[in-house]
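Note: hydrogens, waters and symmetry copies are ignored here, and every other heavy atom, side chains too, is used. Order of the sequence lines fixes the chain letters, A, B, ..., with proteins taken first and strands second; residue numbering starts at 1 for each chain.
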Amino acid sequence: MTTSNAPLPLPDLARFHEDVLAWFDDTARDLPWRRDASPWSVMVSEFMLQQTPVSRVLPVYTAWMERWPTPAELAAEPTGEAVRAWGRLGYPRRALRLHAAATAIVERHGGEVPRTRDELLALPGVGDYTAAAIESFAFGGRAVVLDTNVRRVFARVVSGDQLPANAVTAAERQVATALVPIQDAHRWAAATMELGALVCTARSPRCEQCPVAEICRWRAAGFPAYDGPARRAQAWEGTDRQCRGRLMGVLRDAPGPVPRTVLDAVWPDAAQRERCLDGLVADRLVEPVGEDELALPGHA
DNA sequence: TACCCGTGGGT
DNA sequence: TACCCAAGGGT
C-alpha cells in the first residue's frame, strides 16, 4: 500500500459521483438480471456470479429462471436437480446453498425474498456482499456494496494503490461507506461495479476510457505496482478440487446412478479418489445408491 | 485468519 | 504457454 486513505477533496468527490454515474448511463450492459431486477432474479444472479464471470453465467441463468421462476418452484425439486442445472459454473456447493436458501425463503418468508440485511444474511450462501447486492439492486436500498470490482476501483482512485488488500479492511469499508451517495445509492453500486468490470480491470486497465482518470490517485502517482503481501497462487493440477470436479462432471453428465467402476476410471489415485468421494457425500453433493453406485442427490 | 471450494477465458 | 483472475461464502 503506497498511499493513505485520506478522503478525496470535495470537488473531486462530486466529480467522482457525477462522472461515474453519467458513464454508467451511457455504457451499462443490458444484463437480464438488470432488465428484470426482481428480488429472486437478483438473488439467483448474485449466487451464480460469486467468483464466476458474467459471460459464463448468462446461459445458465436464463435456463434457470425459465425453469424455476420463483423460490418455491426451486425448493420443490430435489437438490440434485439444482446441481445438474448448475452445469459447469463451478463451485457446485453454491447450487446447494441456493436451493437451501429457496427452501428457507418458503419456510420463513412466505416464498418472498426478504428485504432486511439480517434476514438476508441468515440465508445459506448469503454473505456480506450478496446481502448488500440484494438490498441494493432488488430493493433500491442504500447498502455498502463491496465486491472485488468496487474494491479495486476505490483502491486506485481513492487510495492510489494498484490492488486492494487480500481481505476487506476496516479502512476500506470506511472509505466505501463515506462514498455512498445520499441519492442514487443503488445506481452508484452498479456503476462502480461496472467500471471495475469493464474499464478498471485487474490486469490491463483501460484508463483511456475511464471517466475518472483525471482524479485517479493511482494514475497520478504513476501507476505504482502492488506492494502488499504476495497472493498465493491457486494450485490446480492434482488437487482435490480437480479430482472433485472430475467426479462431479461424470455424475452431472449421467442420466442416473453411476457405477463406482466408472468413477474409478477418471482419477487414477485411488486413495485421493475415495477421499474426495467421501467429501462430496459429506457435502451432500453426491449420494450413494446401493452398494456400488453413486448419483446426484435426491434421485437417479 | 487462512484455507478450502470449480471452471474456463484473457493476457 | 503459464499463469492470473472472476458480482464470495463457510469454516
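Shown here is Q174(A), whose CD atom has no more than 12 heavy atoms of other residues, nucleotides or ligands within 6.0 Å.
A close approach under 4.0 Å does not occur between any side-chain nitrogen or oxygen of R93(A) and OP1 or OP2 of dT7(B).
In this structure, CZ of R88(A) is placed 9 Å from C1' of dG6(B), rounded to the nearest angstrom. Rounded to whole Å, atom P of dT7(B) lies 13 Å from atom CG of D240(A).
On the nucleic acid side, DNA chain C contacts chain A at distances under 4.0 Å to non-hydrogen atoms, with the end points of that region at dC4(C) to dG10(C).
Base pairing annotation: dG10(C) forms a Watson-Crick or G-U wobble pair with dC3(B), both donor-acceptor distances under 3.5 Å.
Within the 4.0 angstrom heavy-atom criterion, base atoms lie near Q234(A). G127(A) comes within 4.0 angstrom of the backbone, heavy atoms only, and of no base. Among the atoms of the strands shown, only primed sugar atoms or phosphate atoms (P, OP1, OP2) are found under 4.0 Å from some heavy atom of S204(A). Among the protein residues, T130(A) comes within range of the sugar-phosphate backbone only, with heavy atoms under 4.0 Å from sugar or phosphate atoms but none that close to a base.
For the pair R231(A) and Y226(A), the cation sits on the ring face: its NZ or CZ lies under 6.0 Å from the ring centre, inside 45° of the axis.
Side chain to side chain, Q50(A) and Y129(A) fail the donor-acceptor criterion of an N or O pair below 3.5 Å. Residues R152(A) and T201(A) bring no donor and acceptor atom of their side chains to less than 3.5 Å of each other.
Judged by distance alone, with hydrogens and angles left aside, R241(A) brings no side-chain donor or acceptor close enough to the base of dT7(B) to form a pair under 3.5 Å.
Between the side chain of S41(A) and the backbone N or O of A37(A) there is no donor-acceptor pair closer than 3.5 Å.
A ring-ring contact (aromatic ring centres under 6.0 Å, His included) check over residues 165-198 of chain A, counting only residues at least two apart or in different chains, returns the pairs F16(A)-W188(A), H17(A)-W188(A).
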